[in-house]
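All remarks here apply to the structure that follows.
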Number of protein chains: 2
Amino acid sequence: MDKTTLARLEARAKIIKAMAHPTRLFIVDELSRQERCVCEMTEMIGADVSTVSRHLTVLRNAGIVQDEKRGTMVFYSLRVPCVLNFFSCVESVLETTAKEQMKLVR
Amino acid sequence: MDKTTLARLEARAKIIKAMAHPTRLFIVDELSRQERCVCEMTEMIGADVSTVSRHLTVLRNAGIVQDEKRGTMVFYSLRVPCVLNFFSCVESVLETTAKEQMKLVR
DNA sequence: CGAATCCTTGGTCATTATACCAAATAGCCA
DNA sequence: TGGCTATTTGGTATAATGACCAAGGATTCG
């Protein structure tokens, strides 16, 4: 695999990796409905604020969300809605697997 | 976040996480064209066979690829083609980011 | 059987990710 | 200004990843 190909793959993997965490999936899902400040997210997630802030940073660095400061609060919103397409495919992977499992049981 | 929600998110994150590696993206892309044995993949990727084998295991455990043994060889193929949709969205994230960068330069 | 090929698994090590607490920063308001 | 709230960042401990080598099946074929 040549260097250019690898660089391309790494850039793409970085974006997918940003989605590859339960908390961050939650965040993306929530932001697909409405923008949220860090404090609201923290409240919903139930982790330390610093942890949530870092998750949001990962998503921002990947270009998936954007932030906007208003007063002391920072509001995050979804920048690229197509990431929601990930969900439907993930569902179909889970469904396919579940159906296979069923076959083995019966 | 309640326990059930977390379990759902973890199952989904596991699948996305399986895609979140340059080598595994390469594998998925390649398998979208045709099935391949481990030895062919290893040849293309240029890593140790054991490394490639483990990457394939990750993808299989996530339900993204399937394997079939024929003789001494094991052929892997894509089980859920919709994962290819990931690529187009990832491209659009990269494009959006690139355009933002351009604005800053000019 | 024994050798060769293909693949997986065990072991080890370096790197990365993630969580929390504590401290620093920024903006608002009394 | 000083305190209050919201957020980020530094520090650190622990867990998870990923790479390689070596060893262990499985299968084919002479």
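Here is how names work: the chains are called A, B, and so on, in the same order as the sequence lines, proteins then strands, and each is numbered from 1. Only heavy atoms go into these numbers, but all of them, side chains included; no hydrogens, no water, no symmetry mates.
Mapping A:V52 and B:V58 onto DNA chain D by nearest heavy atom places A:V52 at the nucleotide closer to the 5' end.
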Requested in this report: Indicate for each nucleotide in nucleotides 23-30 of chain C, in 5' to 3' sequence, whether protein heavy atoms under 4.0 Å reach the base (B), only the sugar-phosphate (S), or nothing (-).
Outcome: ---SBS--
Query raised in the report: Dot-bracket for DNA chain D, 5' to 3', counting Watson-Crick or G-U wobble pairs under 3.5 Å, with [ ] for crossing pairs and | for inter-strand pairs?
Result: ||||||||||||||||||||||||||||||
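One atom, CZ of B:F75, and another, P of D:dT27, lie 15 Å apart when rounded to the nearest Å. Residue B:K17 contributes atom NZ, which lies 8 Å from atom C1' of D:dA16 at whole-angstrom precision. Between the CG atom of A:L56 and the P atom of D:dT9 there is a distance of 12 Å, given to the nearest Å. The separation between B:K14 atom NZ and D:dT17 atom P is 11 Å, rounded to whole Å.
OP1 and OP2 of D:dA15 both lie 4.0 Å or more from every side-chain N or O belonging to A:H21. Neither OP1 nor OP2 of D:dC20 sits under 4.0 Å from any side-chain N or O of B:R54. For the OP1/OP2 pair of C:dA19 and a distance below 4.0 Å, the side-chain nitrogens and oxygens of A:H55 include at least one atom meeting the criterion. Taking side-chain N and O atoms only, A:S53 has no distance below 4.0 Å to OP1 or OP2 of D:dT7.
Here B:V74 lies in heavy-atom contact (under 4.0 Å) with sugar-phosphate atoms only. Contacts of B:Y76 with the nucleic acid, taken as non-hydrogen atoms under 4.0 Å apart, involve only primed sugar atoms and P, OP1 or OP2.
Between the side chain of B:K14 and the main chain of B:N61, a donor-acceptor pair closer than 3.5 Å is present. The closest donor-acceptor contact from the side chain of B:R8 to the backbone of B:T4 lies at 3.5 Å or more, if one exists at all.
Counting only heavy atoms from C-beta outward, the side chains of B:R70 and B:M73 never approach each other to under 4.5 Å.
Donor-acceptor pairing under 3.5 Å, judged by distance alone, is absent between the side chain of B:S50 and the base of C:dC7.
Between the side chains of B:T5 and B:D2, at least one donor-acceptor pair of N or O atoms lies under 3.5 Å.
Applying the disulfide (SG to SG under 2.5 Å) test to every pair with at least one member in residues 61-99 of chain B, sequence neighbours left out, gives these pairs: A:C82-B:C89, A:C89-B:C82.
Note: B:F86 and A:F86 have parallel aromatic rings, judged against thresholds of 30 and 60 degrees for the angle between ring planes.
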